Structures are given as C-alpha cells and as structure tokens.
Protein chains: 2
Amino acid sequence: MTRPTIHDVARVAGVSLSTVDRVLNDREGVREKTRSRVMSAINSLGFERNIAAANLSRKRRYRLCFILPDGQNSFMRVLEEDVAEEAAAALRDFTVIETRKVPAFDAGALAELLRSLDPESVDGVAMVATDATIVRIAVRELRARGVAVVTLVSDLPGSEKQGFVGIDNVQAGRTAGSLLGRFCRGRTGRIAMVSGSMLLRDHAERRLGFEQVLRSEFPDQTIIAPLEGLDDKDRVRDQLAERLAQDPDIVGVYSLGAGNRGVAEALSGLPAGRDVSVVVHELTRFSREALLDGSFDAVLHQNSRREVQGAIELLRRLLDGEPQPALSEPIRVEIYMRDNLP
Amino acid sequence: MTRPTIHDVARVAGVSLSTVDRVLNDREGVREKTRSRVMSAINSLGFERNIAAANLSRKRRYRLCFILPDGQNSFMRVLEEDVAEEAAAALRDFTVIETRKVPAFDAGALAELLRSLDPESVDGVAMVATDATIVRIAVRELRARGVAVVTLVSDLPGSEKQGFVGIDNVQAGRTAGSLLGRFCRGRTGRIAMVSGSMLLRDHAERRLGFEQVLRSEFPDQTIIAPLEGLDDKDRVRDQLAERLAQDPDIVGVYSLGAGNRGVAEALSGLPAGRDVSVVVHELTRFSREALLDGSFDAVLHQNSRREVQGAIELLRRLLDGEPQPALSEPIRVEIYMRDNLP
DNA sequence: TTGAAAGCGCTAACAA
DNA sequence: TTGTTAGCGCTTTCAA
C-alpha cells in the first residue's frame, strides 16, 4: 500500500541512492549495465518518483513572463486579471510570473521587448503574438538564448514558438455560421459581419470559417462585405447602424472582434418589429447583460483563465525538459446563450 | 525573492520550529501570548506554508470511494472510465481511489453500501445519488462516522452531503429550449420531448427548464406530452417514430435522457422533405457522428472528466479541513454543434 | 508550555 | 563510475 521510494529501488538494484538518481534524471556517468539493473528494479517495483519531494529538494523556480497588448480591448484586460490571479496561485508552485504590456498591434515594440529579455532573470515567455516577421526573428533569438516561448490567444505560425494556447479561430467562425444560419432559417435575407480589421489573423480566420459554413449550408442567405470597426465602439455603432438602416433585409449580425457595445447600440436603434439575430465573441459583463436582455442571441467564448493556466503548464513542462508537451485538453470554442450562462 | 519558511517565522518570533508548527496547525499547548507573537511574525513575513513539504513530511494519504450506478447507461460507463483514469493520476498525489457499483436507481442497495463503508479504510465518498430518504439517512450516518461525502452528477438535496459536483439541470433544460426555440423559428408547430422517466430528478428538472423557456419565449410552439423511453434505444425509437408519423407538425425534438440511437433511428425513417431540429444530451462517439452527418443539430454536454476531478479536489479539501470548499469553476452546460466539436 | 532532533523522498555537492 | 552526506520545508516523537 505504501509506494516504493528510491531507497527501495537502490536496495533492490544493489546500488546507492545517487546512482538511482542519476538513472532517473538521465545524468552522465552510469555504466550501461548498472543503468539497466536500476531500470529493472524500477519496473519490477512499479516505482514512480515523488515529484513534490523532488521539487522540494531541488528548489526549482520557474520565472515566467507574460506579454499582453495594452489598450482598451476588454478581453485583453480580463486576460490580464487572469494572469494576475494565476500568478498568485502559481507562487505556491514555485512559479514567479511577471506581466509586461506592449502597445497593441505594434510588432516593433513587441520585438524590442522580446530582445530585451534576459535569460538570467526569465526562464519562459508566454505572449499574445502580433503577426510579423520582425517578431518571428525576435522569437528565434530568444529561443537561442535558452528561453522557452509559447504563444497565447493569438498565434505566430512559422515561428520557433514551442506551443500555442488558444482556440481554433476558423472553428469559431464556423460555429458562428452554424448558429446564425439556424437562427435565421425561415427569414432569408442578408447577413452582416463586423470585424476589427481584416489585417488581424484571428479575425480573418473567423471570417473564413463563417463564410464556409454559410455558403455551403445556408446558401439562401447573402453575406455582405464585412464592416471594419477597428474594435472601436463608436465606429462600430455608426457603421452598423447605417448599414441596418439602408438594408432592411439584414436578418443576422456576426461580430467577430471587439466592439460589442457598438453592436448593441446600433441594434437598439432599430424599429420595434425588426428582428435581427446576433452572434458575437467573448463573454464579458456587457455581453452577458446583452444575452440576458435579449439583444444578443449567442456569444462565442474562449476561457481565458484556462488559457493562462495552459500556458503556465506548457512552459513549466518545457522547462522540465519535456520535448513536445501538449495541453491535456484543448481550449474549446464555448457557446453561451442566455440560459447556460455560468 | 525566496519565500519565508517556518525557520524564518521561528527566528522572528523567537521560538522554536515546533511552536510555529503548533500555531500553524492549531494544536493545543501554546500560551496565548506566544501564539500571538508567532501570528504577527507570520503576518509580517507574509509566510505561507509549503503544502508539498507538509504532505511529504506527514505522509498523508487520501482514501476515496466513488459509487456509480451499474447498467448500460453509456454516460455512466464513460464516467466510470474517467474515474479509473483519474484514479491512476491521483495516485501521484497520495490519493487512492476505489470504485464501487450499485444497481441503478436502487436506493436500498445504495444505502446498504453506504452503511457498509468503514472509516478505517475510507476517508471520503463521492456518489451518484439516488434520491430517497433511506439514502439521506445513510449519508448522515456515514458523516457521523467521520467520512466526507459529496454527490456527483446527480444530487441529493436536503442531505448532509458536503458538496455537489455536476451541472444545473434546470439550466440545461432552459438551454435546450432556447436553442430549439430559435432553430424552429419560422416553422411553428409542435415540439416533442423524449425522456428516460419523469421519476428521475435530473430528467424532471430538465423538462421544467425546457418548458419554462419555450412557453415564455416561443409561445407559438406547442409542447406535446413527453415520451418516456426509459433510456432504452428500441423503446425510444418505436415511440418517437410512431409519434412523428402521426403528427406531421412536429418540427423539433428534445431528448433529455439517454437513448440517442433510438432518436436517430426514428428520424432516419422520415421522408426526405421533412425537416426536424434535434437537441440531445451527452457528447459520445455516437452523438458526435450524428452532429457531423446532420441528424442532430446540437448536443448538450457535461464534462464528466472534470466532474470527477472536481469531486476529488473537493474531497481532498474537505479532508484537509477546509470548512466550505467550493469548486474553483462550476461544471458548465456545454453546447456542441457540428463546428465546435473538440 | 516549549524545544531538539530525526525523518518524509529526493537532489546535489563532494569524496572515493 | 559510484557512494556518502547534508539539506529542501515541514511534522512528529520525545525530552526538558
């Protein structure tokens, strides 16, 4: 009933504790014969090392740096809070987390920050990436200096990052299409899309998925060219309100970036009889209220808390030397409606 | 940068390690004056005890027992697998998990099993409850013997269980109503409900939530009296097929229990032009396929793996002496459609 | 009412 | 190439 320890392994193999330790940690200087003796002792006893004891002994500390975009985007501010809370919790696991902010969508600033990172004080980095070559280069240099790097929420394909923690945005767009298509069934007309900017990778991917599904599954609906609201509430409101007024056949709206307030305001100006189904992204205080009062029909969400936890987990496992760590469970595209709000 | 330890606390308070330990663990035999001296040292240093080290030292072991219903219900069989897998993982945290099965819906058998549990060999119990007074009494007795008890998936309100890990089934029903109502908009008609048995608490709650939403938000739709398929595929198929044939106005089906195969088979017999929207419960290999091929429109799901993890976490915290531990995150009613399948 | 010392399972010098 | 020994932060005898 009591688990075997390295003492047991050492006894059975007829060697000392240090030799067992060497074998366990793949250290140099063990004869092949000895190693196999130890290995068979391990197997026959079913030994599994006690990680807590190992960490206690080794006084391992993980120093992580989270890099987030600055600015008003409320999803990012929630993410920042999540990082702060998880940082407090992570302290108990000997993990120290520092948060740095860079101007949003400023690849130069991000690259510069990455370049300034000192491996003497940082073991691993989790970053919300801005998609640019200069950032890829900075990532490569950082890796060369021995720092682990993963991307968070927004990926950097083609870089030397060792992992990505976030949702599949094409899938998110497809899900939005699937929902909105069904919601608008029986009311053939036009569907409006509101994006931040098609220059953003995430937004482009969501649009792609959305159009795929709508075209193939709900061909009766017409998609109109996306409005680019630059994630700015007022711009989104003005553009969408104008479009809704011009085009009485719009029966559905998919907002795939920030600017939910603008969407809600534009809709609130509609005449009483007009019925428009709405799907947006990110569950916040605001979108939650909008679900409850019926302004929005569904909200697609990514669990930013779990994303932060995932990034921490991934970095720790990279630093522990695991070659290709993967998240135990992927981050999912969650669907919220008024009635399954958490 | 390095965390304070009990050594630091002892030094600052001018006492020995054992005294600090006594204060930390609320043990007898410390003068009030000494205790307060230690407390202020703890506070001024911001000391937080290293739980891993404490557990290592005390060689704590948690012996848990999971009680699940026996039988063919595929959700329960998945749950059983999850328990087995988490049990293997929990071993590393000094947690030994034993699984016991009792005949489904047999309150007497469950109560008897609870009564047979020996506090000498079990510290905590997680059970899928059957709702009956005899079970409540057995729970009280078990608690009196010093065993921690939580309910899993199916709750036992009014008992002395110390927690519940599962979804809110009224909320699940409401969510189904909200989805199906929207899916069927523009096709006013009748909505059929398929349940296992209205004697089951979970099913009754789901029905309640479903009807609430449909009546208040989609009053044009008529709900027909629920079919009781007893979670049996063939029964479900026959009953539903007959109903669909009789009533060409049925535009939506909500299946709130097991028997998804029966639902799919009944639907597959429908003439080509007929369009029925379908919402069911529990994501399995089968319901997944049905989403992909379009037979089902949405599947409501509870993450049984996380439920098991939650129950383990809750029990451990109860055994650690936390008075009212709560799950860090509630178990959610998840919505899956073809495009956000994990 | 307090303290000293041994030890939990593992790692990391240092010696041999 | 292998072994000895002193901790990591905390708990737990046993003595004082």
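In this text, all values refer to a predicted model and were calculated from it rather than measured experimentally. All heavy atoms count here, side chains included; hydrogens, waters and symmetry mates do not. Just so we're on the same page: letters track the sequence lines, and every chain starts at 1.
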NZ/NE/NH1/NH2 to OD/OE distance under 4.0 Å, B:R61 and B:D123:
no
Nearest-Å distance, CZ (A:R61) to P (C:dT11)?
16 Å
For B:R306, check salt bridge (Lys or Arg N to Asp or Glu O under 4.0 Å) against everything at least two apart and list the hits.
A:E329
What pairs with B:E282 under side chain to side chain donor-acceptor pair (under 3.5 Å), at least two apart in sequence or on another chain?
B:Q302
Sequence neighbours excluded, the answer for side chain to side chain donor-acceptor pair (under 3.5 Å) partners of B:E160 is B:R140
Report which part of the nucleic acid B:N50 touches: base, sugar-phosphate, or nothing (heavy-atom distance under 4.0 Å, all strands).
sugar-phosphate
Applying side chain to side chain donor-acceptor pair (under 3.5 Å), name anything that partners A:Q162, two or more places apart in sequence or on another chain.
A:R143
How would you list, by chain and number, every residue that makes a salt bridge (Lys or Arg N to Asp or Glu O under 4.0 Å) with B:D118, sequence neighbours excluded?
none
If you look at every strand shown and take non-hydrogen atoms under 4.0 Å, does B:V20 touch a base, only sugar-phosphate, or nothing?
nothing
Would B:R115 and B:E112 satisfy salt bridge (Lys or Arg N to Asp or Glu O under 4.0 Å), going step by step from the backbone distance to the final call?
CA-CA 5 Å; B:R115 255 184 260 113; B:E112 193 178 345; 5.8 Å; no
Please classify the nucleic acid contact of B:F47 as base, sugar-phosphate, or nothing, using heavy-atom distances under 4.0 Å.
sugar-phosphate
Which residues pass the side chain to side chain contact (heavy atoms under 4.5 Å, CB included) test with B:V12, not counting sequence neighbours?
B:A41, B:L45
Any residue meeting side chain to side chain contact (heavy atoms under 4.5 Å, CB included) with B:T5, in chain and number order, not counting sequence neighbours
B:H7, B:D8
What are the atom names and distances for every N/O pair under 3.5 Å that joins the protein to nucleotides 4-8 of chain C?
{"residue": "C:dA4", "atom": "N7", "partner": "B:S18", "partner atom": "OG", "Å": "3.4"}
{"residue": "C:dA4", "atom": "N6", "partner": "B:S18", "partner atom": "OG", "Å": "2.7"}
{"residue": "C:dG7", "atom": "N2", "partner": "B:S57", "partner atom": "OG", "Å": "3.0"}
{"residue": "C:dC8", "atom": "O2", "partner": "B:S57", "partner atom": "N", "Å": "3.1"}

Which residues in residues 23-41 of chain B have at least one heavy atom lying under 4.0 Å from any atom of DNA chain D?
B:N25, B:R27
Axis-to-axis angle between the two ends of the helix from C:dT1-D:dA16 to C:dA16-D:dT1 (five base pairs per end, rounded to 10 degrees):
40°
Taking 5' to 3' order, which nucleotide of DNA chain D is first and which is last to have an atom within less than 4.0 Å of a heavy atom in chain B?
D:dG9 to D:dT12
Which pair of non-hydrogen atoms, one from B:P342 and one from B:L283, has the smallest distance, and what is that distance?
CD-CD2, 4.0 Å
Are A:E313 and A:R317 within salt-bridge range, i.e. N to O under 4.0 Å?
yes
Residues which pass side chain to side chain donor-acceptor pair (under 3.5 Å) with A:S159, listed by chain and number, not counting sequence neighbours
none
Is there a side-chain contact between B:T95 and B:L315, using heavy atoms and a 4.5 Å cut-off?
no
